[in-house]
Amino acid sequence: MSKVFYVTTAIDYANAAPHIGHVYEKILADFLARWHRLDGYDTYFLTGTDEHGEKIAKAAAKAGKSPKDFVDELSEGAFRALYDRLGISYDDFIRTTQERHKRYVQQVLQRVYDAGDIYYAEYEGLYSVGSERFVTEKELVDGVFPGDSEPPVLRREANYFFRMEKYRPWLLEFLQNNPEFIQPAGYRNEVLEMLKEPIGDLSISRPKDRVPWGIPIPWDEGHVTYVWFDALLNYVSALVDKGNFESHWPHAWHVIGKDILKPHAVFWPTMLKAAGLPLYEKLVVHGHILALDGRKMGKSLGNAIDPTEVLEKYGLDALHYTLLRDTTLAADSPFGEPVIVSRLNSDLANDLGNLLSRVRTMLLKYCGGVLPEPSPADGEIAREGVSLAARVRPLVRELRFNHALEEVLQYVRSLNKYVNDSKPWELARDEANRKALGDVLYTVVEGLRIASVLLEAAIPNKARELRQALGLGDYGVADTERWGLAPAGTRIPEEAPILFPKLEALEREGKGQEGAKPEAAGGKREAKPEKAKQPVPKAEPAPANGPITIDDFARVEFRVAEVTACEKHPQADKLLVLQLNVGDHTRQVVSGIAQWYTPEELVGKKLILVANLKPAKLRGVESQGMILAGEDAEGRVVVVTPEKDLPPGARVR
RNA sequence: GGCUGUGUAGCUCAGCUGGUUAGAGCGAACGACUCAUAAUCGUUAGGUCGGCGGUUCAAGUCCGCCCACAGCCA
């Protein structure tokens with residue numbers, strides 16, 4: 001029984017530049033692809049871009065380009081170029097505007113039509129151009145569909161519909177009988193919930209005169225295929241084109257974001273069923289990447305990570321490793337540069353890179369740069385090493401990538417400990433210990449060989465560099481289950497670059513006060529957090545590093561807040577604890593103004609609150625923000641209040 | 001409003017089908033060592049496992065209610 005693995009990512013909608021979320025998903029899929037290749041699977045990895053639809057036609061028109069030129073530039077110039085630089089090891093990059101794809105979509109449409117599962121019907125309703133679908137009154141907020149810039153328009157259309165509802169009972173039963181089909185389980189529950197009620201039929205076409213940019217319906221030139229029937233079929237059309245449909249399709253794992261769960265978990269299986277095609281094997285759903293403060297990333301919020309920038313700054317291996325190590329599929333994960341820096345420095349530079357460095361130095365110094373002949377293996381390190389793959393493999397298959405990597409890192413740490421305990425530098429002082437010295441160094445090299453292979457799917461370039469620095473070649477996962485494959489007598493290179501240079505400088509981000517920034521680099525010195533930094537709110541002489549931009553300013557959220565209650569801090573005589581009414585909710589804020597105000601005189605006052613300051617505990621009491629105050633010539637602190645009355649919660653800008 | 005999930009040491013999180021003194025990494029303190037990228041290794045951190053009640057010989061681990069947060073749906 002040969003092992004086959006087919007992995008896909010969602011195809012990216014080519015209407016704007018790629019962001020970190022796109023990158024995250026490709027890295028997840030890349031990890032799976034690389035792991036399975038290393039583990040002896042006949043592996044095929046597909047990614048690509050989704051290039052049809054009204055939104056693209058509009059974006060192209062706005063850019064003054066033809067749709068074709070527009071998507072060419074984004075698909076090749078932005079998405080594919082970025083993925084190449086990221087080392088995404090795709091085997092095929094499909095574009096839905098390619099002939100091979102269009103041909104296949106038409107074939108399948110015709111087949112389903114002939115089978116009677118597609119019908120023609122008229123429909124009238126509110127249509128959101130931004131979201132490319134009909135919406136209901138209920139979904140509108142202030143007359144606009146959330147996320148759109150324009151209100152929906154009334155449209156009357158005749159479209160083709162796919163009889164999706166017909167397959168609902170079948171799908172529900174299938175999912176109940178196949179708990180592993182959608183992973184992680186939380187997303188499966190959501191789908192089961194959706195299927196408890198009618199899902200309706202799926203609109204699969206648009207009139208061509210309105211949306212010319214799409215694949216024509218084969219039996220009706222007046223219509224083009226609507227997004228999902230077009231896009232989803234890429235997973236199959238790419239295989240059919242290369243002739244490996246039969247061999248690979250039944251082993252397909254689709255990696256997707258939770259935002260497109262329904263199309264993949266509901267539309268797609270029913271489409272496949274109607275088309276008489278077998279189902280894919282597994283749906284791998286991931287959450288979203290959030291900013292470090294736990295909020296959504298967005299250009300307008302100014303907290304988005306630019307993938308190109310972090311790639312250049314930290315390298316692809318660190319980016320891959322960190323995104324795999326510090327996220328979970330089951331939930332949204334906060335991510336940012338401090339995470340990368342801290343993980344890069346501790347795991348990759350200190351634990352792994354430094355271990356390579358120390359063993360290389362000793363080999364060069366004590367053994368003339370030649371890997372010594374080892375004694376037969378019997379130690380703990382060898383036993384642990386050869387059994388490591390057996391522990392990592394299931395973790396990968398269960399999509400617990402963070403655990404899989406941590407497992408290997410633990411082994412790396414045990415190698416460092418082994419070196420410390422064995423003290424090769426002492427053995428080297430006495431010629432009588434030659435043999436023991438050689439055994440120790442060989443053991444570490446073997447351990448590193450094993451670790452490098454098991455980490456290779458996450459740090460593809462550096463794993464090979466590591467082995468090259470030891471004069472070693474490439475191995476598969478199975479080769480880590482045997483001890484002693486590093487050939488004795490191997491000569492290691494005299495020179496090798498530092499594997500993971502450490503980052504000393506942590507970018508100044510000016511994130512909230514004393515926040516959760518993992519004090520990454522520099523560490524030891526004198527970076528004492530300077531505790532009890534009481535924020536006596538005196539106009540905060542913000543590090544005047546030149547003027548700030550309007551965007552910087554926009555990140556601060558000021559609101560009017562009414563003091564509803566106030567008391568002295570139980571453990572600090574300079575602090576007051578204020579309860580504030582901020583319109584729709586209340587806040588507790590600790591402020592260092594006890595010398596200037598009594599609790600009584602503050603109650604009822606309206607103050608200005610910095611509402612999005614990261615919460616902090618001051619002497620054990622939580623402070624959810626900060627109030628504005630100024631200081632007069634005598635050093636007296638005065639709180640800021642609105643000149644005329646403003647309602648609690650009103651935004652100040 | 002309905003459903004699902006989350007809430008464990010300062011921070012990020014492990015803890016499968018209930019069972020020895022609740023774990024790891026990071027950060028911090030102290031110590032050891034010098035082959036190494038001021039790296040590594042060891043020790044220490046005394047956390048009501050969100051709250052209340054229940055089942056049980058025994059509960060972060062099961063049940064009920066409540067609180068907070070998130071997601072999905074309406």
Side-chain angles (χ1 to χ4, degrees), chain A residues 136-139 184-197 199 257-259 261-262 265-266 285 287-288 290 292 294-296 322 325-328 330-336 338-339 341-367 394-395 398 400 402-403 405-407 409-410 412-429 437 440-441 444 496-504 514-529 531 585 614 616-617 620 622:
Chain A
T136 61
E137 292 275 4
K138 283 185 182 177
E139 289 175 295
Y187 300 114
R188 170 174 178 265
N189 291 341
E190 272 178 30
V191 175
L192 288 175
E193 197 56 30
M194 290 177 204
L195 293 176
K196 279 184 185 157
E197 294 184 19
I199 51 179
K258 65 180 188 180
D259 50 309
L261 175 61
K262 187 172 182 178
V266 179
V285 188
H288 293 157
L290 303 175
L292 277 179
R295 298 194 305 163
K296 287 183 182 168
T322 317
R325 175 64 185 80
D326 287 308
T327 64
T328 343
D332 292 350
S333 307
F335 188 76
V339 176
V341 171
S342 123
R343 193 57 79 180
L344 173 59
N345 281 343
S346 59
D347 285 13
L348 299 179
N350 292 349
D351 291 347
L352 185 64
N354 182 53
L355 176 60
L356 170 69
S357 181
R358 58 200 302 214
V359 74
R360 266 183 49 82
T361 304
M362 289 190 279
L363 279 170
L364 289 166
K365 218 158 161 180
Y366 307 146
C367 305
L395 290 172
E398 289 161 18
R400 293 159 42 128
N402 48 358
H403 281 87
L405 295 177
E406 177 57 20
E407 196 73 38
L409 254 289
Q410 259 174 39
V412 170
R413 289 185 204 108
S414 78
L415 290 174
N416 270 315
K417 178 173 164 53
Y418 171 74
V419 173
N420 285 22
D421 294 347
S422 317
K423 300 182 174 42
W425 51 92
E426 273 182 18
L427 297 175
R429 289 189 200 128
L437 172 64
V440 169
L441 294 183
V444 179
I498 296 283
L499 193 64
F500 288 101
K502 237 170 124 162
L503 292 172
E504 293 296 342
E514 64 186 294
K517 46 195 162 192
E519 206 66 63
K524 297 261 148 125
R525 255 149 271 188
E526 31 120 294
K528 287 247 168 72
K531 61 174 173 190
H585 66 288
K614 186 182 178 69
K617 277 207 171 161
E622 168 139 9

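Within every chain, numbering begins at 1; the chains are lettered A, B, ... in the order of the sequence lines, protein sequences first and strands thereafter. Everything numeric in this text was worked out from a predicted model, so none of it was measured.
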Write down the protein N/O and nucleotide N/O pairs, taken from nucleotides 14-16 of chain B, whose separation is under 3.5 Å; answer none if there are no such pairs.
{"residue": "B:rA14", "atom": "O2'", "partner": "A:His403", "partner atom": "NE2", "Å": "3.4"}
{"residue": "B:rG15", "atom": "OP1", "partner": "A:Arg400", "partner atom": "NH1", "Å": "3.2"}
{"residue": "B:rG15", "atom": "OP1", "partner": "A:Arg400", "partner atom": "NH2", "Å": "3.4"}

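- For A:Lys417, taking side-chain heavy atoms from C-beta onward, the closest of the listed nucleotides B:rG42, B:rU40, B:rA24 is B:rG42.
- Nearest nucleotide to the side chain of A:Trp425, out of B:rU40, B:rA36, B:rC33: B:rC33.
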Check nucleotides 3-8 of chain B for protein N or O atoms closer than 3.5 Å to its own N or O atoms and list the pairs.
{"residue": "B:rC3", "atom": "O2'", "partner": "A:Glu193", "partner atom": "OE1", "Å": "3.3"}

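- Within the structure, every pair that satisfies the salt bridge (Lys or Arg N to Asp or Glu O under 4.0 Å) test and touches residues 350-363 of chain A, not counting sequence neighbours, is listed here: A:Asp351-A:Arg413.
- Looking at residues two or more places apart in sequence or on another chain, you find a side-chain contact (heavy atoms from CB on, under 4.5 Å) between A:Lys262 and A:Met194, A:Val266, A:Phe267.
- Residue A:Met362 places its side chain closer to B:rC35 than to any other of B:rC35, B:rG25, B:rU37.
- Considering only side-chain atoms of A:Gln410, the nucleotide from B:rA24, B:rU40, B:rC41 that sits closest is B:rA24.
- Distance A:Leu195 CG to B:rC73 P: 13 Å, rounded to the nearest Å.
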Q. In dot-bracket notation, what is the pairing pattern of RNA chain B, taking Watson-Crick (N1-N3 plus N6-O4 or O6-N4) and G-U wobble (N1-O2 and O6-N3) contacts under 3.5 Å, with [ ] crossing and | for other strands?
A. (((((((..((((.....[...)))).(((((.......))))).....(((((..]....)))))))))))).
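- Closest to the A:Arg343 side chain, of the nucleotides B:rU37, B:rG25, B:rC35, is B:rG25.
- Using a 4.5 Å heavy-atom cutoff, the side chains of A:Leu355 and A:Val419 are in contact.
- Atoms CG (A:Leu405) and P (B:rC26) sit 15 Å apart, rounded to a whole Å.
- RNA chain B is contacted by A:Ala349, A:Asn350, A:Asp351, A:Gly353, A:Asn354 of residues 347-356 of chain A, taking any non-hydrogen atom closer than 4.0 Å.
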